[in-house]
Student: 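Got a structure here, written out as structure tokens. Questions coming.
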Amino acid sequence: MNEETHQKLMTIKRSFRLLMNGPGSQSMRDKGLGYKLNWGVPFYELKKMAEEYGKDYDLAIELWKEDIRECKILATLIMPADKMLPEITDIWMEQVQSQEMAEMLAFNLLQHVDYAPVIAYQWIASDKPLYEIAGFQLLARLFANGKEPNERGINEFLDQAATALQGDNMGIKHAASNAVLRFCDFGEDFEKIARGALKGIYEI
């Protein structure tokens, strides 16, 4: 790590103490969001900090290595999407340990990478809960951004959504439901297809 990146990292870590939200941090711990350190800093504060630093590949890489909630979220905000290689995505996703971080990674960063549809479809079929959550949330963002799936994509998505919506994991069900609603936003034809595929499983 070069000196400039090291200094930025130290400054960022010190600043979390000033923004610390004790009750927020405790509430996350109670919900099982376990990190070595969790300052409970609100997302809007982290967003402001990310805007100050701008996109910075080296800093994002170093931030992600820290087992600190705020560092990891900041990493998803300042990593330039065009430098987020698929192999880095694989490493980061393997290290995700909470639903919050799976969603942050999808919303803040992965919806902007050019291979987003590929990983989204792989992940919703993965049988790994956090991957499925990230995959469905990623598809929800892609659909919301107007990226229509082709026929094969539609069939694959609705098959996996049907499975997810009949499962027991509330996080996956919520993410799948979110993606289905965004899918229906494409118009009547899409809504009709979704109704047919999810009849008796999910009310649209």
Student: So, taking the atom named SG in Cys71 and the one named CD in Glu62, what distance separates them when rounded to the nearest 0.5 Å?
Tutor: 10.5 Å

Student: Tell me, do Gln137 and His174 make a side-chain contact under 4.5 Å, heavy atoms counted?
Tutor: yes

Student: Would one find more than 12 heavy atoms of other residues, nucleotides or ligands at under 6.0 Å from atom CD of Glu188?
Tutor: no

Student: Measure across Tyr131 and Asp90 and return the closest heavy-atom pair with its distance rounded to 0.1 Å.
Tutor: OH-O, 4.5 Å

Student: Is any side-chain heavy atom of Leu9 less than 4.5 Å from a side-chain heavy atom of Glu66?
Tutor: yes

Student: Quick check: does any side chain N or O of Lys72 sit under 3.5 Å from a backbone N or O of Trp64, one acting as donor and the other as acceptor?
Tutor: yes

Student: Working note: Met84 + Thr89, criterion side chain to side chain contact (heavy atoms under 4.5 Å, CB included); need CA distance, chi angles, decisive distance, verdict.
Tutor: CA-CA 7 Å; Met84 187 66 176; Thr89 295; 3.6 Å; yes

Student: Inspect the surroundings of NZ in Lys83 and state if more than 12 heavy atoms from other residues, nucleotides or ligands are less than 6.0 Å away.
Tutor: no

Student: Answer yes if Tyr44 and Met101 sit in the same cluster of Ile, Leu, Val, Met, Phe, Trp and Tyr residues linked by side chain heavy atoms under 4.5 Å apart, and no otherwise.
Tutor: no

Student: When hydrophobic residues are tied together by side-chain contacts of less than 4.5 Å, even through go-betweens, does Ile88 share a cluster with Leu110?
Tutor: yes

Student: I need the Leu74 CG to Asn108 CG distance, nearest 0.5 Å.
Tutor: 10.0 Å

Student: With a 4.5 Å limit on heavy-atom distance, are the side chains of Met1 and Asp58 in contact?
Tutor: no

Student: Check whether any side-chain heavy atom of Asp82 lies under 4.5 Å from a side-chain heavy atom of Tyr57, and answer yes or no.
Tutor: no

Student: Taking only residues two or more places apart in sequence or in another chain, which ones pass ring pair (Phe, Tyr, Trp, His ring centres under 6.0 Å) with Phe190?
Tutor: Phe183, Phe186

Student: So do the side chains of Leu109 and Met104 get within less than 4.5 Å of each other, counting heavy atoms only?
Tutor: no

Student: Which pairs pass side chain to side chain donor-acceptor pair (under 3.5 Å) with one or both residues in residues 144-156, sequence neighbours excluded?
Tutor: Gln111-Asn145

Student: Would Phe107 end up clustered with Val96 when hydrophobic side chains under 4.5 Å apart are linked, directly or stepwise?
Tutor: no

Student: Side chains of residues 196-204: which donor-acceptor partners sit under 3.5 Å, not counting sequence neighbours?
Tutor:
from	atom 1	to	atom 2	distance (Å)
Tyr202	OH	Ser177	OG	2.7

Student: In plain terms, say whether Lys48 and Glu51 are close enough for a salt bridge, that is, a side-chain N and a carboxylate O under 4.0 Å apart.
Tutor: no

Student: Is the number of heavy atoms from other residues, nucleotides or ligands within 6.0 Å of CD (Glu4) greater than 12?
Tutor: no

Student: Determine the minimum heavy-atom distance between Asn178 and Ala140, stating which atoms define it.
Tutor: ND2-CB, 3.9 Å

Student: Taking distance alone, no hydrogens or angles, what donor-acceptor pairs closer than 3.5 Å link side-chain atoms of residues 122-130 to residues at least two apart or in another chain?
Tutor:
from	atom 1	to	atom 2	distance (Å)
Ser126	OG	Trp123	O	2.8
Ser126	OG	Lys128	N	3.2

Student: Just do the side chain to side chain contact (heavy atoms under 4.5 Å, CB included) check on Glu100 and Arg69 with the steps written out, would you?
Tutor: CA-CA 10 Å; Glu100 179 194 35; Arg69 170 184 171 268; 3.0 Å; yes

Student: Where is the tightest heavy-atom contact between Ala106 and Leu138, given as atom of each residue plus distance?
Tutor: O-CD1, 3.9 Å

Student: Evaluate the side chain to side chain contact (heavy atoms under 4.5 Å, CB included) criterion for residues Leu59 and Ile12: first the C-alpha distance (whole Å), next the side-chain angles of each, then the deciding distance (0.1 Å), finally the verdict.
Tutor: CA-CA 10 Å; Leu59 184 57; Ile12 286 169; 3.9 Å; yes

Student: Please name all residues satisfying salt bridge (Lys or Arg N to Asp or Glu O under 4.0 Å) with Arg182, sequence neighbours left out, ordered by chain then number.
Tutor: Asp185

Student: If the condition is salt bridge (Lys or Arg N to Asp or Glu O under 4.0 Å), which residues does Lys192 pass it with, not counting sequence neighbours?
Tutor: none

Student: Heavy atoms only: give me the nearest Phe143-Ala179 pair and the separation to one decimal.
Tutor: CD1-O, 3.6 Å

Student: Are the side chains of Pro86 and Ile119 in contact, using a 4.5 Å heavy-atom criterion?
Tutor: no

Student: Could you walk me through whether Tyr53 and Thr11 pass the side chain to side chain contact (heavy atoms under 4.5 Å, CB included) check?
Tutor: CA-CA 11 Å; Tyr53 282 91; Thr11 304; 3.8 Å; yes

Student: Roughly how far, to the nearest 0.5 Å, is the CD atom of Gln160 from the CD atom of Glu132?
Tutor: 7.5 Å

Student: If you take all heavy atoms of Leu46 and Ile73, which pair is closest and at what distance?
Tutor: CD1-CG2, 3.8 Å

Student: Can you get from Phe136 to Val118 by hopping between Ile, Leu, Val, Met, Phe, Trp and Tyr side chains that sit under 4.5 Å apart?
Tutor: no

Student: Out of curiosity, Glu103 CD to Arg141 CZ, how far, rounded to the nearest 0.5 Å?
Tutor: 12.0 Å

Student: Identify the two heavy atoms, one from Ala176 and one from Ala164, that lie closest to each other, and give their separation to 0.1 Å.
Tutor: CB-CB, 3.8 Å

Student: Looking at Lys13 and Lys8, would you say the former's side chain and the latter's main chain have a donor-acceptor pair under 3.5 Å?
Tutor: no

